[in-house]
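This chain uses plain numbering: 1 for the first residue, then up along the sequence.
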Amino acid sequence: TLCQGQMMTLAQQVPEPATGTSATGLPATGLLATCFPIPMPTEEPLFLLTAQHPPEMIALARESLKQLAEFEFEAQDLGQELGVAYEELTLVYRLGEAFSGTFRLEDIQALAVKEIAETLEVKRVALFRLDAERKGMILAAGLGVRKDHLGEVRFLEGKGLPWRVIREGRSLIANDLSQFPEYEPSGQGEKNLLLVPIPSKQGLIGVLSVSDHADGTEFSSKDEKLLTSLAMQVGGAWENARLYGETRELFLNTVEALAAAVDAKDPYTHGHSRRVTSFSVAIAEEMGLPIMDVANIRIASLLHDIGKI
């Protein structure tokens, strides 16, 4: 208010009756005081208010204060960047550790949406996966979404913001949805969207979408960077689950071939191994055994007469 952003000399100080000081806080000696604006990284400058001093001393003080202020703001920015990097690395580590414990696609997707929702503090998370023909976008998993939409094609080719992300091959921040003609309301009343592509060795295979921060703030480049890292984790996990499924299917085909060879040696027991397998798996599932135990029982049942070969 005193300097109005420019160097100026204040009028002679008028003493306050009670304190003997001027309204600016300087001693009311009748000396002139000079106000110097100091450039700052923020919109609001800092001012140096001083009585009469040599110009070189004032210049040195201004420059020193300017450098101190710049160092302080740089330290704050660096601290924020380090905090973001730590948060990103922590989440990536947690997801990697969680994904390493399972190859079931359903488990991977459930873990991913839970961690993403908690870390980004968003109201909704949606995992969209391209179908086999790459003609539709399937809602593979989600949090805060309609359960009856899970497993369904939500966006046909070329429709909606997820297809724009696939087409352009880059993430999209939509804080003002009215500016995006491709946007198709989900019925959830979202106000802000952040979408990133999910990559794999075969190319883009889906889209990861989040909507609405819990505190109502808009999405930023920080959120985009973090979600992009998570999408890469999800893409790798999907790829591993696919390879594991193909390998396991090949293994089961081999086991069934061996079981068929056992049954073929004796017409009386033809189909015996398959019947034992059906009964054993049904009992295991009725008992509520873990999925991996049921899978092992299936294999053991098929091979229980392997010694006959």
Side-chain angles (χ1 to χ4, degrees), residues 40-44 69-99 108-129 137 139-145 160-180 182-183 185-186 188-200 203-238:
M40 297 286 287
T42 60
E43 294 181 358
E44 298 182 0
E70 290 176 348
F71 290 152
E72 175 65 21
F73 280 97
E74 287 178 5
Q76 291 181 7
D77 291 341
L78 181 59
Q80 291 177 353
E81 290 179 7
L82 288 174
V84 172
Y86 175 77
E87 186 179 50
E88 179 180 341
L89 288 173
T90 300
L91 180 55
V92 168
Y93 173 78
R94 285 208 312 266
L95 277 180
E97 189 177 43
F99 289 165
I108 290 171
Q109 294 169 168
L111 285 168
V113 297
K114 177 178 178 294
E115 290 289 350
I116 291 168
E118 291 179 355
T119 301
L120 290 180
E121 297 181 345
V122 292
K123 295 180 179 180
R124 282 169 291 278
V125 181
L127 272 174
F128 295 102
R129 187 180 71 247
M137 198 81 70
L139 179 59
L143 193 66
V145 300
L161 290 178
W163 276 105
R164 172 173 172 174
V165 171
I166 291 292
R167 184 173 61 254
E168 297 181 354
R170 58 189 177 90
S171 56
L172 176 66
I173 297 177
N175 286 321
D176 184 1
L177 293 173
S178 64
Q179 301 298 314
F180 297 88
E182 306 98 324
Y183 169 65
S186 66
Q188 301 292 314
E190 61 265 10
K191 297 179 180 178
N192 314 108
L193 283 173
L194 170 59
L195 304 95
V196 299
I198 300 175
S200 75
L204 301 181
I205 56 175
V207 172
L208 177 54
S209 170
V210 296
S211 61
D212 298 334
H213 274 304
D215 60 3
T217 57
E218 296 183 341
F219 289 113
S220 64
S221 57
K222 166 194 166 184
D223 299 317
E224 178 185 4
K225 181 181 178 182
L226 181 56
L227 198 63
T228 299
S229 297
L230 300 179
M232 294 177 65
Q233 286 283 99
V234 172
W238 271 359

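Here Phe180 contributes atom CZ and Leu195 contributes atom CG; the two are 9.5 Å apart, rounded to the nearest 0.5 Å. Atom CG of Leu208 and atom CE of Met232 lie 13.0 Å apart (nearest 0.5 Å). To the nearest 0.5 Å, the span separating CZ on Arg124 from CG on Leu193 amounts to 8.5 Å. Interatomic distance, CD of Gln109 versus CG of Leu139, reported as 9.5 Å (0.5 Å rounding). Taking CZ of Arg164 as the start and CZ of Arg170 as the end, the distance is 6.5 Å to the nearest 0.5 Å. Here Phe219 contributes atom CZ and Ser211 contributes atom OG; the two are 6.5 Å apart, rounded to the nearest 0.5 Å.
Scanning all heavy atoms of the two residues, the minimum distance from Ile198 to Ala231 falls at CG2-O, 3.6 Å. Contact between Leu204 and Pro197 at its shortest, heavy atoms only, is CD2-CB, 3.8 Å. Taking every heavy atom of both residues into account, Leu161 and Ala174 meet most closely at CD1-CB, 4.5 Å. The heavy-atom pair separating Ser221 from Ile173 by the smallest distance is N-CD1, 4.3 Å. Taking every heavy atom of both residues into account, Trp238 and Ala140 meet most closely at CZ2-CB, 4.4 Å. Of all heavy-atom pairs between Val122 and Ile116, the closest is CG2-O, 4.4 Å.
None of Leu120, Thr217, Val196 except one satisfies the side-chain contact (heavy atoms from CB on, under 4.5 Å) rule with Asp223; the exception is Leu120.
Annotation: salt bridge (charged side-chain N to carboxylate O under 4.0 Å, His left out) contacts of Arg167 (sequence neighbours excluded): none.
Put simply, the side chain of Asp212 gets close to the backbone of Asn192: a donor and an acceptor are under 3.5 Å apart.
Under the 4.5 Å side-chain criterion, counting only non-hydrogen atoms from C-beta, Glu190 is in contact with Leu177. In this structure, Met137 and Trp163 have side chains that are in contact, with non-hydrogen atoms separated by less than 4.5 Å. Side-chain contact between Leu194 and Leu172 is absent, with no heavy atoms from C-beta onward closer than 4.5 Å.
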